[in-house]
Amino acid sequence: MKSNLRISALMLLASPITGLVPCVIGVAQQPAPYRLTLQDAIQKALQSNLGVLVAGTRVDEAEGTRMRRLSAALLPRATVQTYANMQNRNLRAFGISFPGLPETVGPFSNYDVRIYAQQNIVDLASHRALKASEHAVEAGKLDSRDTRDMVVQLIAGLYLNAQSAAARVDAAHSRVTDSNTLFKLAKDKHDTGTATGVDVLRAQVQLANDKQALLIAQNQYKQSLLALARNLGMNPSTPLELAEPLRYMPLSQPQAEALVPAALLARADYLSLAAQRQGLLEQQRANQARYYPKFSINGNLGGIGRSIGGIQGTGLIQGQIDFTVFDHDRNGEAQELAGRIKRIDDLLDDTRRGIDENVREVLLNLESAGEQVAVAKEGQDLAQRELELAQDRFQQGMTNNVEVVTAQDELARAQQNYILAVSSHVDAKFALARALGDTEKNIGQFLTNP
């Protein structure tokens, strides 16, 4: 009996019309969705986002420029030179002519092995240029941090968009469940003679509309996950699942007067302009120092001789002072630097006002979004209560299901309003985190500390 069962089972699995084997294999190979938190998304973006990578290379480039200026003018330089040659000389060409002295001498050979070294002792212009390059490195790092802040806000916004889409899918599922319940109720009442065919048809239409709305919401959710994966540097085919649903967490309303000064000390874009200005000031000092004397020491040590065995040690050490007597280019450079400093000062003033405006605007949006959430929550609760009352009236035969369908539409609108209000409140938190600088840290605090 067991053998027959085993043979029958093998035939069933091998049968081409059952499709059981491919179905089982397909389910087994389906990868589990990757549960993605907001912090995970931010970290992945900071590791693979193109803007962050490009900003990092600019910092490396500025550091390389600093090293070049340091080594070219302030660090000692040493070279080794060796040669062996064979030559003859025309003595008459050098003004050497005596009776009996041949016109040319040679060929003869000589060998020379020598180390040359040079070190600048006092060079204020190069020193100031080095300081300017150090400020350029600092500005590059701040620009990189500002880019990271923008990427953090971008990814947080994409994650929020996916959260909102997921919330709309849940709301659409709820409406389909309510419409299905209404359809069954209308059909049962029609079967018992207490409802008309129009009630059944109306419930069917509502159910079809809600199913279509669910399909649209599901597609929008999948598209939001694709956009999120793309900006995280992940394969778009990777199945994602949000680990954090959309939720409202109130935030105590801070005062702009306390936040604006702190933002000026933390905003990387503002600090980068300040660092660029310091670099320009150092370039101005370097320009002024072009007329200052430069003192350096150089020399060489080696050996020279007519043959390798006859090489004798020789050397030289000398101090050198250089003065610039005429350098009209300095005036043009000074005018150029003055114009650049004026432009940076204007940018600093505008950025300072922009940060002030940005912080105050975000605080207004945050306050308004919080109030909208409260109103939308109240409207959603009232719409839910209205739907329950309409369902009870229809079930008791006091009215047709027009009231129920109308109440369902009102509830759908109230749900959308609530999702939009909560999304606006969370987005205002993200904007506040960006406005205050150090976006990643602030987002973590705003989402955990009400």
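Residue numbers start at 1 and run along the sequence shown.
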**Q** Side-chain contact, heavy-atom cut-off 4.5 Å: Ile304 with Tyr83?
**A** yes
**Q** Of all residues at least two apart in sequence or in a different chain, which pass the side-chain hydrogen bond (donor to acceptor under 3.5 Å, both in side chains) check with Asp322?
**A** Gln320
**Q** If you look only at pairs with a residue in residues 160-169, which of them pass as a side chain to side chain donor-acceptor pair (under 3.5 Å), with sequence neighbours excluded?
**A** Ser164-Ser423
**Q** Holding to ring pair (Phe, Tyr, Trp, His ring centres under 6.0 Å), I want the full list of residues that pass it with His127, two or more places apart in sequence or in another chain.
**A** none
**Q** Look at the side chain of Asp123 and the backbone N and O of Ser126, then say whether any donor-acceptor pair between them is shorter than 3.5 Å.
**A** yes
**Q** Scan for ring-ring contact (aromatic ring centres under 6.0 Å, His included) pairs involving residues 36-67, sequence neighbours excluded, and state none if there are none.
**A** none
**Q** What side-chain donor-acceptor pairs closer than 3.5 Å can you find for residues 363-371, not counting sequence neighbours?
**A**
| unit_1 | atom_1 | unit_2 | atom_2 | d |
| --- | --- | --- | --- | --- |
| Asn365 | ND2 | Glu361 | O | 3.4 |
| Ser368 | OG | Gln372 | NE2 | 2.9 |

**Q** Who pairs with Asp381 by salt bridge (Lys or Arg N to Asp or Glu O under 4.0 Å), at least two apart in sequence or on another chain?
**A** Lys377
**Q** Cut-off 3.5 Å, no hydrogens considered: what does the side-chain donor-acceptor table look like for residues 56-63, sequence neighbours left out?
**A**
| unit_1 | atom_1 | unit_2 | atom_2 | d |
| --- | --- | --- | --- | --- |
| Thr57 | OG1 | Val54 | O | 2.5 |
| Glu63 | OE2 | Arg66 | NE | 3.1 |
| Glu63 | OE2 | Arg66 | NH2 | 2.9 |

**Q** So which of Leu348, Ile344, Leu271 actually passes side-chain contact (heavy atoms from CB on, under 4.5 Å) with Gln276?
**A** Ile344
**Q** Identify whether the distance between the nearest side-chain nitrogen and carboxylate oxygen of Arg290 and Asp329 falls below 4.0 Å.
**A** yes
**Q** Check salt bridge (Lys or Arg N to Asp or Glu O under 4.0 Å) between Arg360 and all other residues, then give those that pass, not counting sequence neighbours.
**A** Glu257, Asp356
**Q** Could you check whether Glu282 pairs with Arg285 (Lys NZ or Arg NE/NH1/NH2 to Asp/Glu carboxylate O, under 4.0 Å)?
**A** yes
**Q** Does Thr439 offer a backbone N or O that forms a donor-acceptor pair with the side chain of Asp149 under 3.5 Å?
**A** yes
**Q** Could you tell me which residues satisfy salt bridge (Lys or Arg N to Asp or Glu O under 4.0 Å) with Glu357, sequence neighbours excluded, listed by chain and number?
**A** none
**Q** So, are Asp346 and Arg343 salt-bridged, with charged N and O less than 4.0 Å apart?
**A** no
**Q** What pairs of residues pass the ring-ring contact (aromatic ring centres under 6.0 Å, His included) test when at least one of them lies in residues 228-272, not counting sequence neighbours?
**A** Tyr248-His425
**Q** Is any NZ, NE, NH1 or NH2 atom of the basic residue among Glu388 and Arg385 found under 4.0 Å from an Asp or Glu carboxylate oxygen of the other?
**A** yes
**Q** State which residues pass ring pair (Phe, Tyr, Trp, His ring centres under 6.0 Å) with Tyr221; sequence neighbours excluded, sorted by chain then number.
**A** none
**Q** The criterion is side chain to side chain contact (heavy atoms under 4.5 Å, CB included); which residues satisfy it with Ala84, sequence neighbours excluded?
**A** Tyr111
